[in-house]
Amino acid sequence: MRVAVLGGGPAGLYFSLLLKQARPDIEIEGFERNAPDDTFGWGVVFSDQTLENFRQADAATYHAITDAFAHWDDIDIHVRGRTITSSGHGFSGIARKDLLGILQRRAAELGVTWHYRSEIADDDALRARPNPPDLIVAADGVNSIVRRRHAAAFGATVDQRSNRYIWLGTTLPFNAFTFILLENEFGTFQVHAYRFTEALSTFIVECDEASWFAAGFDRMDAAATLATCEAWFAPWLKGHRLQHNSTVHRVRDPWGTFLRVSCEQWHHGNVVLLGDAAHTAHFSIGSGTKLAMEDAIALAREVAAVPATADSTSAALTQAIDRYQEERRVEVLRIQNAARNSMEWFEHVKRYIKLEPEQLAYSLLTRSQRVSHENLRLRDGAYLAGVERWFASRAEREAQRAKRPHTTSGEHRAVEQAPAPMFTPFRLRQLTLENRIVVSPMDMYSATDGMPNDFHLVHYGSRALGGAGLVMTEMTCVSPEGRITPGCTGMYTSEQAEAWRRITTFTHQWSRAKICLQLGHSGRKGSTRLGLEGTDIPLEEGNWPLMAPSAQPHRPYMQVPRAMTRADMDQVVREFAHAARLAIEADFDMLELHCAHGYLLSSFITPLANHRTDEYGGSLENRLRFPLDVFHAIRETWPQDRPISVRISATDWAAGGVDGAEAVEIARAFSDAGADIMHISTGQTTPDAKPVYGRMYQTPYSDRIRNELGVKTIAVGAITDPDQVNSILAAGRADLCALARPHLANPAWTLHAAAQQGYREQHWPWQYRSGKDQLERLVERAKTGG
């Protein structure tokens, strides 16, 4: 079997030497357009886990690499005159030129033939050579000529990002992985710096496009850029100079933009993609070379197992490549998702730069979601204890319940242990929540004629006893015609208010939880069967008429609503105001206005459902007019000392619908109108939605709205464990976290979370105290292995 490798970077070199080591009988030729000592990068970073993978793959290469390493455990974050340090991160750096030299020497030692300064036009040029290869490995980088030629076959996507960056070096040997966040009159700029030899460090300067233009970098060559950056970052360079080693083109235009590459298929015919040719990961998590070399390990192992007689059409060779892609796909997606999160954080530094340094640093450290709250505790417990003290002190001041002295994250002396962020108080108007856990609104479909019953008493009462700071009701409808199903609760009669008061009285008497009534109107999604019978299935009989902004059904087989008249709108506004008055009688602590998930108010907001041509359709301002009318009506009715939340769908997950940028403006409008907190959900507005699910998948929308607008938010969606909650809160991605399914599975979720985290001050009902003691003992025994 003959193998040709196109591209002499780390991926191609490592693959060639690993395959030759395993199968000396295979003919391997490599082709690289540059000279062997040409390199336009500076340093390469590997984690300790990656190094272990190298050790197992080829001990000789591993030892040569590790002998050349600079190692560090600390991350330093410099912002607004502060330096915040977190330890225990375990990274190593090596010069890219040194890494290439090690791989080149090892490949030559094993008998691999590499052709340098060899320009290959494409894969057909390799097939045209004498003795054409049976396998072509395209390791030709982010600008792969092979991938571009067969882009459709590979299902290739190349996303050019807007941030600008320049990859520099300096003779200052940084002692930690260093992030510098700089604000000046031109904008916000950040540095990613790390040492890779005893005397050299990588120094990447990155900024958003607006800052780049404002600073005039579009008019500067490499020399002018170096001079400007040296002046700006002089306090951190300590007299050392910056260097560049760009190509001639890059000397004239030294800044670049990141290309995010992904491919659905990594092979086409007898061509297989490797490393950056198949996928890229943003430099802010330092995993591009790691992924490329781990790809090489997997591909070499699979190809080495192919019989020597296999040729380019061999089923065995095709199956080997399929196994390679199958093995690597999940890991690559995981790293690419983490890299996307990290990349987007740095693309939007302006959102975070005004955060207090403690929170900004924590947000930076956890930006990729690979590092969580408890993971930071394992890496550097002293640092995290400082963050928790800072967060708790601030929370108590804001809730006017200061009990502990204020300390900063830099003070790692022994002080009273602070609670985890989720167990700190939170205040909205005159309402103070004991902790930041919310029982998310969940339809129970168990009412009769809108009347809550014993099930609702037990359901909400048990979750209040379970320790959550705030319990939200299911969407409670403001009229019989506003119900989703015949099983939905209502708030349109005094009898319903009295039934709800039974639940709020129990909650207030027997727990410390506060209780919030979510008010909504089903709109065109109403008159359907109970949720347990399926979603959006019309009633077989007993249907009631529906109304919506436009006379279009939510699904083709659903009832066609009538387009609302001004008289209809006035009636609905009165119904919401009436429901708010009844909620006062029922003694709710808080209201939430449901403007999400395609129900009536949401269907006015999304252009996918609102096709009106009057003052209630068209522009976002018009589409918000009626929902804001409703909000104003309940705000005027509801006591001024009690808060109101608004739940929105921050994206429709569909072309032409609401997106993240428009969601910011929606939140701005409600906040300006007097909303105290925004509850950030997504989707369910159109059957054509294509949501991207995953852990905490809706939290980025909360993060954006909270930090662009400076408003309070509730995050919701696939938040399942205390570690995620604490990470979201400490990073400032939300102020409260709402959990739905975890509370269905365990009404006492919050009590269990308190025991797991050793937080003994969490209130338990006195009747359950013996259970508290036993649970805490069991948790402690499990931690100590007793």
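- Looking at D98, its side chain never comes within 3.5 Å of a backbone N or O of I94 through a donor-acceptor pair.
- In this structure, R704 contributes its side chain and R733 its backbone to no donor-acceptor pair below 3.5 Å.
- Annotation: the span from T113 atom OG1 to I28 atom CD1 amounts to 9.0 Å, rounded to 0.5 Å.
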message = The test is side chain to side chain donor-acceptor pair (under 3.5 Å); show your working for N341 and N337 and say whether it passes.
response = CA-CA 6 Å; N341 295 337; N337 285 339; over 6 Å; no

request  = Test H240 against T171 for side chain to side chain donor-acceptor pair (under 3.5 Å), laying out the working first.
outcome  = CA-CA 6 Å; H240 289 261; T171 54; 2.7 Å; yes

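- At least one side-chain heavy atom of L291 sits under 4.5 Å from a side-chain heavy atom of V332.
- For S393 (side chain) and W390 (main-chain N/O), no donor-acceptor pair under 3.5 Å exists by modelled atom type.
- Summarising the geometry, atom CZ belonging to R334 is positioned 4.0 Å from atom CD belonging to E331; distances are rounded to the nearest 0.5 Å.
- Rounding to the nearest 0.5 angstrom, the gap separating the CZ atom in F69 from the OG atom in S92 is 5.0 Å.
- For residues 110-120, the pairs satisfying salt bridge (charged side-chain N to carboxylate O under 4.0 Å, His left out) are R33-E119, with sequence neighbours left out.
- You'll find the side chain of R377 reaches within 4.5 Å of the side chain of E388, heavy atoms only.
- Under a 3.5 Å cut-off, the side chain of D723 and the backbone N or O of E374 do form a donor-acceptor pair.
- Proximity of a side-chain donor or acceptor of S727 to a complementary backbone N or O of H373 within less than 3.5 Å is detected.
- Residues forming a side-chain hydrogen bond (donor to acceptor under 3.5 Å, both in side chains) with R241 (at least two apart in sequence, or on another chain): E230.
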request  = With side chain to side chain contact (heavy atoms under 4.5 Å, CB included) as the test, would you mind laying out the steps for F189 and I180 before giving the verdict?
outcome  = CA-CA 8 Å; F189 303 83; I180 304 168; over 6 Å; no

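- Q325 pairs by the side-chain hydrogen bond (donor to acceptor under 3.5 Å, both in side chains) definition with nothing, not counting sequence neighbours.
- At distances below 3.5 Å, at least one donor-acceptor pair connects side-chain atoms of Q336 with backbone N or O atoms of T280.
- Residues in residues 175-195 take part in these salt bridge (charged side-chain N to carboxylate O under 4.0 Å, His left out) pairs, two or more places apart or across chains: E183-K354, R195-E198.
- Looking at heavy atoms from C-beta onward, S372 lies out of side-chain contact with T366 at the 4.5 angstrom threshold.
- A distance of 4.0 Å separates CG of D208 from NZ of K350, quoted to the nearest 0.5 Å.
- Side-chain atoms of F391 and Q359, non-hydrogen and from C-beta on, do get closer than 4.5 Å to each other.
- D122 places no side-chain N or O within 3.5 Å of a backbone atom of R149 that could act as its donor or acceptor partner.
- Annotation: salt bridge (Lys or Arg N to Asp or Glu O under 4.0 Å) contacts of R367 (sequence neighbours excluded): none.
- Comment: D295 engages R328 in a salt bridge, judged by a side-chain N to carboxylate O separation of less than 4.0 angstrom.
- The backbone N or O of A176 lies less than 3.5 Å from no partner atom in the side chain of D76, so there is not a single donor-acceptor pair.
- Residues satisfying the ring pair (Phe, Tyr, Trp, His ring centres under 6.0 Å) test with Y116, not counting sequence neighbours, are none.
- With P10 as the fixed residue, the side chain to side chain contact (heavy atoms under 4.5 Å, CB included) test singles out one of V44, L103, I102: L103.
- Ring-plane geometry between W72 and F177 is classed as tilted, the angle between the planes lying from 30 to 60 degrees on a 0 to 90 degree scale.
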request  = Just do the salt bridge (charged side-chain N to carboxylate O under 4.0 Å, His left out) check on E358 and R82 with the steps written out, would you?
outcome  = CA-CA 9 Å; E358 291 86 354; R82 294 276 302 280; 3.2 Å; yes

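- Residues Y62 and D58 have side chains not in contact (no heavy-atom distance under 4.5 Å, counting atoms from C-beta outward).
- Relative ring orientation between F217 and W255 is described as tilted, the plane-to-plane angle lying within the 30° to 60° band.
- By the side-chain hydrogen bond (donor to acceptor under 3.5 Å, both in side chains) test, R164 is found to be paired with E209, residues two or more places apart in sequence or in another chain being considered.
- Residues forming a ring pair (Phe, Tyr, Trp, His ring centres under 6.0 Å) with F54 (at least two apart in sequence, or on another chain): Y14, F46.
- Residues passing the ring pair (Phe, Tyr, Trp, His ring centres under 6.0 Å) test with F91, sequence neighbours excluded: none.
- Other residues, nucleotides and ligands contribute at most 12 non-hydrogen atoms within 6.0 Å of the CD atom of E264.
- Side-chain atoms of F203 and F174, non-hydrogen and from C-beta on, do get closer than 4.5 Å to each other.
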request  = Assess whether side chain to side chain contact (heavy atoms under 4.5 Å, CB included) is satisfied between W345 and S363, documenting all intermediate values.
outcome  = CA-CA 9 Å; W345 194 95; S363 178; 2.8 Å; yes

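- Rounding to the nearest 0.5 Å places CZ of R329 at 10.5 Å from OH of Y324.
- A distance-only check finds a donor-acceptor pair linking the side chain of D380 to the backbone of S87 [under 3.5 Å].
- Residues satisfying the salt bridge (Lys or Arg N to Asp or Glu O under 4.0 Å) criterion with D159, sequence neighbours excluded, are R161.
- Looking at I204 and T202, their side chains come closer than 4.5 Å, going by heavy atoms from C-beta outward.
- Using a 30° and 60° split on the angle between ring planes, W266 and H279 fall in the tilted class, from 30° to 60°.
- Residues forming a side-chain hydrogen bond (donor to acceptor under 3.5 Å, both in side chains) with T289 (at least two apart in sequence, or on another chain): none.
- A salt bridge links E294 with K290; the closest basic N to acidic carboxylate O contact falls under 4.0 Å.
- Separation of atoms CG (D140) and CG (L6) is listed at 4.5 Å; rounding is to 0.5 Å.
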Residues F283, F346; criterion ring pair (Phe, Tyr, Trp, His ring centres under 6.0 Å); working and verdict = CA-CA 11 Å; F283 55 80; F346 284 107; 8.0 Å; no

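- Counting heavy atoms from C-beta on, the side chains of V158 and R148 never come closer than 4.5 Å.
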task = Under the side chain to side chain contact (heavy atoms under 4.5 Å, CB included) rule, what do Q369 and Q724 come out as? Steps first, then yes or no, please.
result = CA-CA 9 Å; Q369 296 184 8; Q724 294 171 350; over 6 Å; no

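- Taking H115 as the reference, F31 meet the ring pair (Phe, Tyr, Trp, His ring centres under 6.0 Å) condition, with sequence neighbours excluded.
- Using modelled atom types, no side-chain atom of T188 and backbone atom of V349 make a donor-acceptor pair closer than 3.5 Å.
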task = Output, in order, the C-alpha distance, side-chain angles, deciding distance and verdict of side chain to side chain contact (heavy atoms under 4.5 Å, CB included) for L355 and Y352.
result = CA-CA 5 Å; L355 293 175; Y352 311 109; 4.0 Å; yes

